[in-house]
Amino acid sequence: MTARSAYIHIPFCSHKCDFCDFAAFAGLDHMSEAYCKTVVQEIDERLDQNPVGLPLKTIFYGGGTPGYIDPAELNLIHTKLKERPGVAEDAEVTLETTPMTLTQEKVHQWFSIGINRISMGIESLQDSELKAIGRDHDSRTAMDGIKRARAAGVKNIALDLIYGLPGQTLISWEDTLDKLLSFDPAHVSAYGLSITGSLKLHYPPGSDAYPDDELFASMYDSLIDKCAQNGLIQYEISNFAKPGHESRHNLCYWRNEEYLAFGVGAHRYLNGVRSANLRSFNRYMRDYLSDESSETIDQERLVSDGIMLGLRLRTGLNPHEFKRRYGVDLMDRIADKLPMLVDNGLAEWEAGALRLTRKGILISNTILAELI
Ligand SMILES: C[S@@+](CC[C@H](N)C(=O)[O-])C[C@H]1O[C@@H](n2cnc3c(N)ncnc32)[C@H](O)[C@@H]1O
Ligand code: SF4
């Protein structure tokens with residue numbers, strides 16, 4: 001199957017947030033033009049090695065903060081993609097930005113490049129929570145950014161939140177949700193705060209400042225309920241959309257399809273191999289075709305990825321489709337675990353497909369590790 005999606009990583013940020021473990025760097029602004037030119041070279045050389053036959057259906061400029069750099073530099077990359085492999089007329093083209101970086105002028109430049117979907121990190125609309133995770137905006141600045149996007153004509157807007165934050169309560173979370181939903185976004189992503197070993201958050205993992213499991217579960221419940229009340233349908237564990245506004249790019253990941261990727265630390269899945277570019281900025285600039293990691297996906301791994309990713313989607317896993325796609329009988333494959341999951345209310349059948357229940361989603365990592 002030819003890859004029809006591309007992820008482009010733009011690593012520049014105005015500030016490095018305490019909670020962020022992405023390849024995202026502050027203080028390297030002077031390198032952005034040289035970087036974009038390197039990405040253009042990478043695109044050319046990778047496509048020379050592995051030609052892609054059909055135009056892209058989705059492109060995701062992620063980061064880092066692609067909205068932070070000069071749109072003319074982004075245009076160097078986008079022009080290359082239009083030239084090869086080509087961009088479909090109706091492609092979904094997303095750009096990630098912070099609220100502060102977004103200006104009406106930039107929005108018009110993004111539109112003229114071909115960007116038609118803006119994804120903005122809001123995280124919380126409580127000043128104390130934003131401060132506790134080292135974000136460089138407050139709630140007013142965040143809401144002003146959404147208003148500027150709207151005033152500039154952005155209709156397809158996706159807003160990101162994080163819950164499970166230090167000091168967060170059910171009341172403060174619901175207040176954040178109410179304020180955010182009042183902007184009537186087309187898409188909301190809300191992830192539980194993930195703390196990896198390398199992060200230096202003000203409150204260390206395990207601190208009493210973080211919500212306990214019960215509160216975390218209540219936060220997830222109100223997220224789903226409030227999104228539903230505002231016409232945002234849950235289509236993935238952490239993603240909600242107005243009908244027709246699901247992220248086509250992210251659906252490609254969850255459907256276990258292949259995709260191209262370019263830029264520092266970018267992960268791709270191509271010709272049966274999952275690989276990632278070098279994560280160090282300087283090393284990537286010198287050696288943009290080298291891998292930080294690479295793994296060939298054998299049939300066994302393909303099937304377990306199919307189960308793991310498919311169960312993230314609320315449409316779940318349909319055994320007939322699964323058989324057609326992977327040549328494997330899903331029921332045979334998970335026969336020894338399935339009754340326990342269903343009996344304990346962790347998984348359910350819905351419209352002929354197997355999916356996790358809300359209770360199951362809260363321990364999805366454990367369930368998926370058991371299943372695959
Ligand atoms: C990597 S950022 C890129 C967009 C932009 N730089 C921003 O911060 O708004 C995309 C989103 O990832 C999420 N994110 C980053 N680190 C996270 C963490 N440790 N736990 C949960 N979500 C996280 C945040 O919601 C953030 O908005
Ligand atoms: S969360 Fe966004 S703005 Fe903050 S460091 Fe990460 S990529 Fe940059």
Side-chain angles (χ1 to χ4, degrees), residues 7-29 31-32 35 60-69 74 94-102 106 110 115 117-126 129-139 141-146 148-149 154 157-166 168 173 176-177 180 185 187-205 207 210-211 216 219-220 223 236-240 247 249-250 253 261 263-267 279 281 364-365:
Y7 175 80
I8 320 290
H9 192 78
I10 306 290
F12 307 99
C13 290
S14 57
H15 157 95
K16 179 78 186 184
C17 306
D18 295 355
F19 61 88
C20 177
D21 195 28
F22 287 81
F25 314 107
L28 282 184
D29 309 6
M31 293 298 294
S32 59
Y35 176 81
F60 196 100
Y61 290 98
T65 308
Y68 182 54
I69 67 169
L74 280 177
T94 305
L95 171 127
E96 281 191 324
T97 188
T98 56
M100 283 202 301
T101 312
L102 183 146
K106 268 192 180 164
W110 296 336
I115 286 150
R117 183 170 181 273
I118 304 293
S119 172
M120 208 189 295
I122 303 300
E123 324 312 0
S124 162
L125 288 171
Q126 312 299 319
E129 293 168 11
L130 290 163
K131 208 163 167 215
I133 55 168
R135 186 69 170 177
D136 66 344
H137 65 232
D138 60 15
S139 59
T141 341
M143 289 194 285
D144 284 350
I146 306 174
R148 276 197 304 282
V154 180
I157 195 165
L159 301 176
D160 291 355
L161 291 175
I162 309 182
Y163 59 106
L165 299 178
Q168 197 170 35
W173 172 234
T176 289
L177 284 169
L180 187 103
H187 191 281
V188 170
S189 301
Y191 289 92
L193 177 67
S194 131
I195 307 181
T196 58
S198 55
L199 288 181
K200 290 197 175 52
L201 276 157
H202 181 72
Y203 295 95
S207 154
Y210 292 100
F216 191 86
M219 287 177 174
Y220 189 60
L223 168 69
E236 193 267 350
I237 289 182
S238 307
N239 284 275
F240 304 80
S247 162
H249 184 83
N250 287 342
Y253 300 154
V264 59
H267 289 64
R279 203 184 142 99
F281 185 82
S364 57
N365 290 344

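Note that these values count all heavy atoms, side chains included, but never hydrogens, waters or copies made by symmetry. Whatever order the structure lists them in is the order used to number ligands and atoms, beginning at 1.
Contact check on Asp21 versus Arg279 returns a salt bridge, with a Lys/Arg side-chain nitrogen under 4.0 Å from an Asp/Glu carboxylate oxygen.
A donor and an acceptor atom, one from each side chain of Glu96 and Thr65, are nowhere located under 3.5 Å apart. A side-chain N or O of Tyr191 and one of Asn239 form a donor-acceptor pair less than 3.5 Å apart.
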Hey, what polar pairs (N/O, under 3.5 Å) does ligand 1 make with protein?
unit_1   : atom_1 : unit_2 : atom_2 : d
ligand 1 : 6 (N)  : Gly64  : O      : 2.9
ligand 1 : 6 (N)  : Thr65  : OG1    : 2.9
ligand 1 : 8 (O)  : Arg135 : NH1    : 2.8
ligand 1 : 8 (O)  : Arg135 : NH2    : 3.2
ligand 1 : 9 (O)  : Gly121 : N      : 3.1
ligand 1 : 9 (O)  : Arg135 : NH2    : 2.9
ligand 1 : 19 (N) : Phe19  : O      : 2.7
ligand 1 : 19 (N) : Ser194 : O      : 2.8
ligand 1 : 20 (N) : Ser194 : N      : 3.0
ligand 1 : 25 (O) : Glu123 : OE1    : 2.7
ligand 1 : 27 (O) : Glu123 : OE1    : 3.4
ligand 1 : 27 (O) : Glu123 : OE2    : 2.6
ligand 1 : 27 (O) : Asp160 : OD2    : 3.2

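If you run ring-ring contact (aromatic ring centres under 6.0 Å, His included) between Phe12 and each of Tyr35, Phe25, Tyr68, only Tyr35 comes through.
The shortest side-chain heavy-atom distance between Ser247 and Arg117 falls under the 4.5 Å cut-off. In this structure the side chain of Ser14 reaches within 4.5 angstrom of the side chain of Asp136, judged on heavy atoms. Glu123 places a side-chain heavy atom less than 4.5 Å from the side chain of Asp160.
Note on ring orientation: taking the six-membered ring where Trp is involved, the planes of His249 and Tyr253 are perpendicular (angle over 60°, cut-offs 30° and 60°). The aromatic rings of Tyr163 and Tyr220 lie parallel to each other, with less than 30° between the two planes, well short of the 60° mark.
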- Please test Leu74 against Tyr61 for side chain to side chain contact (heavy atoms under 4.5 Å, CB included), starting from the C-alpha separation and ending with a verdict. CA-CA 9 Å; Leu74 280 177; Tyr61 290 98; 4.1 Å; yes
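Scanning all protein heavy atoms for the shortest distance to atom 7 (S) of ligand 2 gives Gly64 N, 3.3 Å.
Note on atom 4 (Fe) of ligand 2: protein N, O or S atoms under 2.8 Å away count 1, no waters included.
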